[in-house]
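Here's the structure we're looking at; comments come further down.
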4 protein chains.
Amino acid sequence: MRVKDETKQLAIVENTLCVVSEKGFAGVKMADLAKRVGLSVSTLYVYYKNKEDLIMSIAVDLIERESQRSEQEIVEALPFKLKLKTVWLFWVNFSINHRKEMSFLEQLKKSPYYGKLPNSVKERKSKLSTALIDQGKKEGLLKNVDNDILMAILIAVMGETVKLIIHDKMELSQNNMDLMFSMVWDAIKS
Amino acid sequence: MRVKDETKQLAIVENTLCVVSEKGFAGVKMADLAKRVGLSVSTLYVYYKNKEDLIMSIAVDLIERESQRSEQEIVEALPFKLKLKTVWLFWVNFSINHRKEMSFLEQLKKSPYYGKLPNSVKERKSKLSTALIDQGKKEGLLKNVDNDILMAILIAVMGETVKLIIHDKMELSQNNMDLMFSMVWDAIKS
Amino acid sequence: MRVKDETKQLAIVENTLCVVSEKGFAGVKMADLAKRVGLSVSTLYVYYKNKEDLIMSIAVDLIERESQRSEQEIVEALPFKLKLKTVWLFWVNFSINHRKEMSFLEQLKKSPYYGKLPNSVKERKSKLSTALIDQGKKEGLLKNVDNDILMAILIAVMGETVKLIIHDKMELSQNNMDLMFSMVWDAIKS
Amino acid sequence: MRVKDETKQLAIVENTLCVVSEKGFAGVKMADLAKRVGLSVSTLYVYYKNKEDLIMSIAVDLIERESQRSEQEIVEALPFKLKLKTVWLFWVNFSINHRKEMSFLEQLKKSPYYGKLPNSVKERKSKLSTALIDQGKKEGLLKNVDNDILMAILIAVMGETVKLIIHDKMELSQNNMDLMFSMVWDAIKS
DNA sequence: TATGAATGAGCGTTCATTCAT
DNA sequence: GATGAATGAACGCTCATTCAT
């Protein structure tokens, strides 16, 4: 299954992302979705076995692509602080440019769907980042506290930064980004 | 005249909070809720005009109680850093002890219900905190950046702190709390 | 039962009439009605055993009062055509001034409630009128056709006359009334 | 692809007509209707978007067919009185043979549904008849009064005629029909 | 008598999913 | 493979009526 029309396939994903980010998973109605992409409901069920399959497939795809990106983003040669900043800023930018995907992922984590994801997929995500943080600690640049805590801070502030920009409470300027990163850095640096 | 069972009223709220924090607003089914509190569906509609009324009533209650608490929690006499720390820790503790309420409020903000809240209720919330931050800036203790940004950092880290504790990734010890606050403080101090 | 507050009693009837004429019997909601007249629902059930009783009581009342009026309205001394015209015009006027009652009665006839009226009440209505028509036939002034037919014509045109006036398609002037009656008269006169 | 059972469609309309003429629009219960025609409730909603759509669709259909019939029924060549009689009798007959449809239409006019009909549908109905009446007035055969009044008389007597026959108070014989029409004619002729 | 509390039986509607061609 | 037809299981809500004080 899931072979035929690639265009439709993409349209389904795109539309699902759209609706989920606006109205949540419950807002996705199979009939609606089918109409939007110009398919009959029953044909939609040829592409995806059911609603769960639809959402899980998209989720797995998204997460896998995200992991790949993390790996590519790290430029080994840079000094630690700059390396971290680069990655951090990359994700801020990425989150803003892929709001829908991020929103989908965010909602996924709180939904019952998340629990059904294969562990292999769930684990894959954070590996990279912990390696990075370990390096910082080894170099004596980061506070010697649990990785989870440092990660939490990094991600929390990143999330708020994105929100501030999306909600037009802050401009996406070099200055502001420098400021925001300096604040996280101050928080986690030893 | 039959007499109203005050217990039921509380049970309704309690159960709603429970379900919302576990499955979101959509997870609240009037029939289900009625059964949980030992009432018939129609009686539930005697207490609340409809589902929206149920949720909004609880929301307004929660927010008002939250505002009151904020006001009470501030001990004017303390030096700024300590004052902020006290408040911040109070909310960390409170959030942990009232997970369901907090989860409800968190979801409320992203739901269409939030937009329907009377402005008077919405506005009341933030006043206190901005006053506190203003003081910190006036005393030259906080970075001279937008209040929204400082608030965002404070709240973001608070949220993550709570999550770490709830998910058993960190103990709720004096040491850990000192650590966490020191991290936020480092981030926002001038 | 049904003894206490005469004012409430009247208010109930008045409100029921109002609602029925606007939205039909189904539009009468016991709870609504109670609120309108400043009674609790349960007290409304002290006045009337149930919704059917409420409607039937009003119906019987209305019909009985209507019959009485018919009797009073006939001035024996007049010549037949004038006598008929007087009665006919009386009813046109009455129908206009008591739209709600008439509407109630009209709807009653098509409703399942009508079948439940005691025959004694149903029969009483037309007696008078048939006597009048019989007289007209005896005097050779009316077509010698079945009373039902003559009655039907009289009533049908009366109904349309009322409608024309109520819907502002005709003025309630002496001329117009003369015209309308002359039309019925032409139809039924021998 | 399963093929649509055209019978069902008709059965829905037929049953709706039946129920409406017996118990009014409120008497139509979607679940009941579905059962009558051997469909599940949800399938009924495949045929019609909702209850209003069901009723409005039938209404529009009926009115349009009625208008068409009016147009066809007029035989231009006949002298006026005969032409009018033909049409009048046609509608008497039609009303008797299509009681349910007529009852539906009658109730429609008093229901809130009527106000929601597109004007194009509402207007179409009366054009023909007014043309006919105008002719009668031009030829000096009808009383020179407002068309609304003449129409009202024609329709009112028609309605009563139908009722008399349906309620078995009069036979549908040539004689009786001649009589009834002569009565209307006497009423409206100049 | 008066009334707030409580309820069962229903109703219109939605939606993910399956059937049959 | 594609699709229109069909459906069961819910869900939110209403309302006449009864209960219990």
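The sequence lines fix the lettering, A, B, ..., with proteins before strands; numbering per chain opens at 1.
The shortest distance between side-chain heavy atoms of C:Ile63 and C:Leu117 falls below 4.5 Å. Put simply, the side chain of D:Val13 does not reach to within 4.5 Å of the side chain of D:Asp61, judged on heavy atoms. Side-chain contact between A:Val19 and A:Arg36 is present, with heavy atoms from C-beta onward closer than 4.5 Å. Between D:Met30 and D:Leu54 there is a side-chain heavy-atom pair separated by less than 4.5 Å.
Of all heavy-atom pairs between D:Val37 and D:Ile12, the closest is CG1-N, 3.6 Å.
Less than 4.0 Å separates DNA chain E from no heavy atom of any residue of residues 12-19 of chain D. Less than 4.0 Å separates DNA chain F from at least one heavy atom of each of the following residues of residues 48-56 of chain B: B:Asn50, B:Lys51. Of the residues in residues 28-46 of chain B, those lying under 4.0 Å from DNA chain E by heavy-atom distance are B:Leu39, B:Ser40, B:Ser42, B:Thr43, B:Val46.
Rounding to the nearest 0.5 Å gives a distance of 10.0 Å between SG of C:Cys18 and NZ of C:Lys23. Here CG of D:Leu62 is found 5.0 Å from CG of D:Leu105. Values are rounded to the nearest 0.5 Å. Distance CZ/B:Arg99 to NZ/B:Lys163: 14.0 Å, rounded to 0.5 Å. How far CE of A:Met102 is from NE2 of A:His98: 9.5 Å, rounded to the nearest 0.5 Å.
Across the protein-nucleic acid pair, B:Gln9 atom CD and E:dA6 atom C1' stand 14 Å apart, rounded to whole Å.
Using a 4.0 Å cut-off, some side-chain N or O of D:Tyr47 falls inside it from OP1 or OP2 of F:dA6.
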Original post:
With Watson-Crick and G-U wobble geometry limited to distances under 3.5 Å, how should the secondary structure of DNA chain E be encoded in dot-bracket form, using | for bases paired to another strand and [ ] for crossing pairs?
Top reply: .||||||||||||||||||||
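The ring pair (Phe, Tyr, Trp, His ring centres under 6.0 Å) pairs that include a residue from residues 4-55 of chain D are D:Phe25-D:Phe104, D:Phe25-D:Tyr113, where partners are two or more places apart or lie in different chains.
Listed by chain and residue number, D:Lys100 satisfy the side chain to side chain contact (heavy atoms under 4.5 Å, CB included) test with D:Glu14 (two or more places apart in sequence, or in another chain).
Contact check on A:Arg65 versus A:Glu101 returns no salt bridge, with no Lys/Arg side-chain nitrogen under 4.0 Å from an Asp/Glu carboxylate oxygen.
With respect to C:Leu33, the side-chain contact (heavy atoms from CB on, under 4.5 Å) criterion is satisfied by exactly one of C:Leu39, C:Leu44, C:Val41: C:Leu44.
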